[in-house]
2 protein chains.
Amino acid sequence: MEYSQMELYLKAIGDHNRMLILKYLMKEALCICEFTELLDMTQPAISQHMRKLKAAELVMEEKRSRWTIWSLNTRHPQYPILLHLLSLLPEPERTIESLAAEGKKVICE
Amino acid sequence: MEYSQMELYLKAIGDHNRMLILKYLMKEALCICEFTELLDMTQPAISQHMRKLKAAELVMEEKRSRWTIWSLNTRHPQYPILLHLLSLLPEPERTIESLAAEGKKVICE
DNA sequence: TCATTATATAAGCAAATACTTATTGATAGC
DNA sequence: GCTATCAATAAGTATTTGCTTATATAATGA
């Protein structure tokens, strides 16, 4: 692995919000509009984060009509390391389920 | 592990020059003046990098008279992960031995 | 076809980062 | 005590990063 690749990889993971994104994706595939509610962030901010995670090949996207569904790239050579790192982190407070209770449940497809 | 801790940890590792520093420290403890030659960087730049690695508890320092000897923190809870990540990287081109051949061998202690 | 929805992209801004030159602080040797 | 050496720190600069508001693009539904 090139140094530049490792730098891209670790920098992609090593951001507070992107770690949260990855923690959520461990459970299930999600779309941007779900993340905007879960993380209380603007759509472009989420989109930029996904662009970085995609560039590092940590996530994959699937277009489903007007929705883009994001999931973890389980085929990544270092996927087990990522899982290990993420397992060290606390579970995020909000869940898709708690969004419903807040009346913020979004519907993707 | 707190999210902020993980961020500090990954950001500390995720820099090209700091990865090189860590690769060298896998082999042996070294001082700033050795790094300045190995990495062809200024002393303050190296010092700032060591400050970041120390803040993330990845390295430890030992003062020996006028020299500060740096070594990996093998007691770090995630030390095995660090070793694994570093093992994925190519060996640095310069070595302490090649410095001698270049007439740049420095003497610490 | 037009309006709506989802999201990528553009442009700009503030903060963080990696570097530099200069200075300061600590230690050793004479 | 003075001088030399090593390295931490200060201050400044250029670049990168994470965010915003605005806009463009793509897909769906009426």
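So you know, we letter chains A, B, ... as the sequences are listed, proteins then strands, and number each from 1.
Residues passing the side-chain hydrogen bond (donor to acceptor under 3.5 Å, both in side chains) test with B:Arg66, sequence neighbours excluded: none. A search for side-chain hydrogen bond (donor to acceptor under 3.5 Å, both in side chains) contacts involving B:Glu61 returns B:Lys54, not counting sequence neighbours. Not counting sequence neighbours, B:Glu28 has no partner by the salt bridge (Lys or Arg N to Asp or Glu O under 4.0 Å) test. Residues satisfying the side-chain contact (heavy atoms from CB on, under 4.5 Å) test with B:Met6, not counting sequence neighbours, are A:Met19, A:Leu85, A:Leu88, A:Leu89, B:Met1, B:Tyr9, B:Leu10. Among residues two or more places apart in sequence or in another chain, the side-chain hydrogen bond (donor to acceptor under 3.5 Å, both in side chains) test is passed with B:Lys11 by B:Glu7.
For the residue pair B:Cys31 and B:Trp70, the shortest heavy atom distance occurs at CA-CD1, 4.5 Å. Taking every heavy atom of both residues into account, B:Thr36 and B:Ile46 meet most closely at CG2-CG1, 3.9 Å.
Checking side-chain atoms of A:Ser47 against main-chain N and O of A:Pro44 turns up no donor-acceptor pair under 3.5 Å. At distances below 3.5 Å, not a single donor-acceptor pair connects side-chain atoms of B:Tyr24 with backbone N or O atoms of B:Pro92. The backbone N or O of B:Leu20 lies less than 3.5 Å from no partner atom in the side chain of A:Tyr3, so there is not a single donor-acceptor pair. In this structure, the side chain of A:Glu37 does not engage the main chain of A:Glu34 through any donor-acceptor pair within 3.5 Å.
Interface residues of residues 31-39 of chain A facing DNA chain D, ordered by number: none; criterion, heavy-atom separation under 4.0 Å. Near-neighbour residues of DNA chain C inside residues 7-21 of chain A, defined by a heavy atom below 4.0 Å, are absent. Only B:Thr42, B:Pro44, B:Ala45, B:His49, B:Lys52, listed by number, bring a heavy atom of residues 42-63 of chain B to less than 4.0 angstrom from any atom of DNA chain C.
Counting heavy atoms from C-beta outward, B:Ile96 and B:Leu30 have side chains that approach closer than 4.5 Å.
Hydrophobic clustering places A:Leu86 together with B:Ile13 (ILVMFWY residues linked when any side-chain heavy atoms are closer than 4.5 Å, directly or through intermediates).
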Check your understanding: Yes or no on side-chain contact (heavy atoms from CB on, under 4.5 Å) for A:Leu82 and A:His76, after CA distance, side-chain angles and deciding distance?
Key -> CA-CA 9 Å; A:Leu82 175 65; A:His76 193 290; over 6 Å; no
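First and last contacting nucleotides of DNA chain D toward chain B (any atom under 4.0 angstrom from a heavy atom, 5' to 3' order): D:dT5 to D:dT9.
A:Ser98 contributes atom OG, which lies 9.5 Å from atom CD of A:Glu93 (distance to the nearest 0.5 angstrom). To the nearest 0.5 Å, atom CG of residue A:Leu72 and atom CE of residue A:Met60 are 8.5 Å apart.
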Can you give me the N/O atom pairs linking the protein to nucleotides 28-30 of chain C at distances under 3.5 Å, or say none if there are none?
unit_1	atom_1	unit_2	atom_2	d
C:dA28	O4'	B:Arg66	NH2	3.1

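Counting only residues at least two apart or in different chains, salt bridge (Lys or Arg N to Asp or Glu O under 4.0 Å) contacts with residues 70-91 of chain B comprise B:Lys23-B:Glu91, B:Lys27-B:Glu91.
The terminal axes of the helix from C:dT1-D:dA30 to C:dC30-D:dG1, fitted over 5 pairs per end, subtend an angle of 20° to the nearest 10°.
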